[in-house]
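Small disclaimer: the values here were computed from a predicted structure and weren't measured. We're numbering straight along the sequence, starting at 1.
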Amino acid sequence: MSKPCIPFLPTRRRYTSQIYLTPGRAVRSAVPDSSLFDHLDSTWTMEPGPAPATCWLSFHVDFAFRSQLHGYLADLFFSEVVKQVRGQR
């Protein structure tokens, strides 16, 4: 179990994640009951890599906030992150 915190100024919102481990293959987290998220699921998958002692790591996340305001703020944040990653300002 994990208890992350998301800072939405001026408050912080906490939620509890259930963590599921498939050793050597995957880590999955899910938020089954939250006032913050409609749903939040993430999966880290490991596959053998192209060379010894390496692996390919895939990450997938699917989420939706219950609050339209939180969704709007998250969209602004992620749009800015994508711009920075692409070198656009």
Side-chain angles (χ1 to χ4, degrees):
M1 183 179 307
S2 173
K3 295 190 177 193
C5 177
I6 297 179
F8 281 110
L9 297 174
T11 64
R12 293 177 180 259
R13 302 295 305 264
R14 296 186 184 277
Y15 61 94
T16 301
S17 295
Q18 297 293 323
I19 309 296
Y20 307 93
L21 174 64
T22 306
R25 296 278 302 143
V27 177
R28 179 176 175 263
S29 70
V31 178
D33 184 25
S34 168
S35 62
L36 181 59
F37 293 102
D38 179 59
H39 65 276
L40 171 58
D41 295 293
S42 65
T43 304
W44 297 78
T45 306
M46 285 78 59
E47 302 277 339
T54 67
C55 73
W56 293 106
L57 180 65
S58 299
F59 176 69
H60 175 79
V61 64
D62 182 31
F63 70 95
F65 288 101
R66 289 193 185 275
S67 161
Q68 288 182 341
L69 175 61
H70 289 150
Y72 174 75
L73 293 172
D75 188 48
L76 288 176
F77 171 78
F78 287 121
S79 293
E80 186 60 32
V81 169
V82 169
K83 286 179 187 176
Q84 290 182 20
V85 168
R86 291 182 177 171
Q88 304 168 350
R89 293 203 178 222

Grab the two heavy atoms, one from [X] and one from [Y], that are nearest each other, plus how far apart they are.
X: W56; Y: P48; answer: CD1-O, 3.2 Å
X: A26; Y: M46; answer: N-CE, 3.6 Å
X: R66; Y: D38; answer: CG-N, 3.5 Å

For this session: Give me the one residue out of T22, I19, T45 that meets side-chain contact (heavy atoms from CB on, under 4.5 Å) with V27.
Result: I19
For this session: Indicate the ring-plane relationship of Y15 and F37, choosing parallel, tilted or perpendicular according to the 30° and 60° boundaries.
Result: perpendicular
Give the cluster check for [X] versus [Y]: same hydrophobic cluster or not, with ILVMFWY residues linked at side-chain heavy-atom distances below 4.5 Å.
X: V61; Y: V31; value: yes
X: F77; Y: F59; value: yes
X: L57; Y: V85; value: yes

Problem set entry | Interatomic spacing from NE2 in H39 to CZ in F63 - rounded to 0.5 Å | 8.5 Å
Problem set entry | Atom pair CG (D33) and CD (Q18), whose distance is rounded to the nearest 0.5 Å | 10.5 Å
For this session: Determine whether more than 12 heavy atoms belonging to other residues, nucleotides or ligands lie under 6.0 Å from atom CG of D62.
Result: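 Yes, because the 6.0 Å sphere around CG of D62 holds more than 12 heavy atoms from other groups.
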